[in-house]
Amino acid sequence: MMPLAHLQMKTFLSSLCVGTLLAAMAPCRAQQPPVADKTAPLLYVYVAKDAGALPRIVLGLEKPALKISAFANCALLTSKESAKLAGLAVQLNPGDTKALIAAVREVAPVAEERNAPAVLLFFATSDNKALSFLSLNNTAVGPNLIEKGVIGFYLEDQPDAVGYLVEKLHPK
């Protein structure tokens, strides 16, 4: 027969072993990554009257006019006739289109609703890496955005934006 002290010690060590195993199975809150409320946006859009806003954007001093999480549609653009037409066409979600047009109108009001104001749209990654810009005063860009929420990124003019968006939207 075992002495009582020896039995108590065995019970204590068994309990300690089981407790340690249970504690090891429980997740340690300090080691878990924080749970983010939202995923980082795909793209930030800034609206400015001139190119002087770019340094402020890169430094994080400007607030984005729009945070794009997803597009309603996107398509790769290819052309056998002209490499200038290669790129990516995206269509903003209706709510994003309205928000962006409102921001554009706030920066540069115009008399007629269908006219495109002379502003620049700057595009940046969620960590404020500048990708490219578009002038809404361009003959095709402004009406496409205002009427249908469509933006074209062309490989010749915006290679960084096209590369980034193709990688994010159409990974190989």
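Values in this document were obtained by computation on a predicted structure and should not be read as measured data. Residue indices begin at 1 and follow the sequence shown.
- For Thr125, the side-chain hydrogen bond (donor to acceptor under 3.5 Å, both in side chains) criterion is met by Asp127, not counting sequence neighbours.
- Val47 and Leu136 fall within the same hydrophobic cluster, defined by Ile, Leu, Val, Met, Phe, Trp and Tyr side-chain heavy atoms under 4.5 Å apart, directly or through other members.
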Check your understanding: Can Leu131 and Leu43 be said to form a side chain to side chain contact (heavy atoms under 4.5 Å, CB included), step by step?
Key -> CA-CA 9 Å; Leu131 293 171; Leu43 199 64; 3.5 Å; yes
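- In terms of heavy-atom proximity, Val119 sits nearest to Val107 at CG1-CG1, 4.0 Å.
- Residues forming a ring pair (Phe, Tyr, Trp, His ring centres under 6.0 Å) with Tyr44 (at least two apart in sequence, or on another chain): none.
- The distance from atom CD of Glu147 to atom OG1 of Thr97, rounded to the nearest 0.5 Å, is 12.0 Å.
- The other residues sharing a hydrophobic cluster with Leu61 are Leu59, where clustering joins ILVMFWY side chains under 4.5 Å apart.
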Validation: residues 152-166 side-chain donor-acceptor distances under 3.5 Å, sequence neighbours left out:
from, atom 1, to, atom 2, distance (Å)
Gln158, OE1, Tyr154, N, 2.7
Tyr164, OH, Leu42, O, 2.7

Practice item. Run the numbers on Leu88 and Leu169 for side chain to side chain contact (heavy atoms under 4.5 Å, CB included), then give the verdict. Key: CA-CA 10 Å; Leu88 185 72; Leu169 299 172; 4.1 Å; yes
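- Note that CG of Leu100 and CD1 of Ile151 are 6.0 Å apart. Values are rounded to the nearest 0.5 Å.
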Practice item. Please report the C-alpha distance between Val150 and Leu145 in whole Å, then the side-chain angles of each, then the deciding distance to 0.1 Å, and finally whether the side chain to side chain contact (heavy atoms under 4.5 Å, CB included) criterion is met. Key: CA-CA 5 Å; Val150 173; Leu145 175 64; over 6 Å; no
Could you tabulate the donor-acceptor pairs under 3.5 Å formed by side-chain atoms of residues 49-58, not counting sequence neighbours?
from, atom 1, to, atom 2, distance (Å)
Asp50, OD1, Gly52, N, 2.9
Arg56, NE, Glu62, OE2, 2.6
Arg56, NH1, Gly52, O, 3.2
Arg56, NH2, Glu62, OE2, 3.2

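- Taking both residues in full, the closest heavy atoms of Phe133 and Phe123 are given as CA-CD1, 4.4 Å, listed atom of the first, atom of the second, then distance.
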Side-chain donor-acceptor distances from residues 63-81 under 3.5 Å, at least two apart:
from, atom 1, to, atom 2, distance (Å)
Asn73, ND2, Gln91, OE1, 2.7
Ser79, OG, Glu81, N, 3.3
Ser79, OG, Ser82, N, 3.2

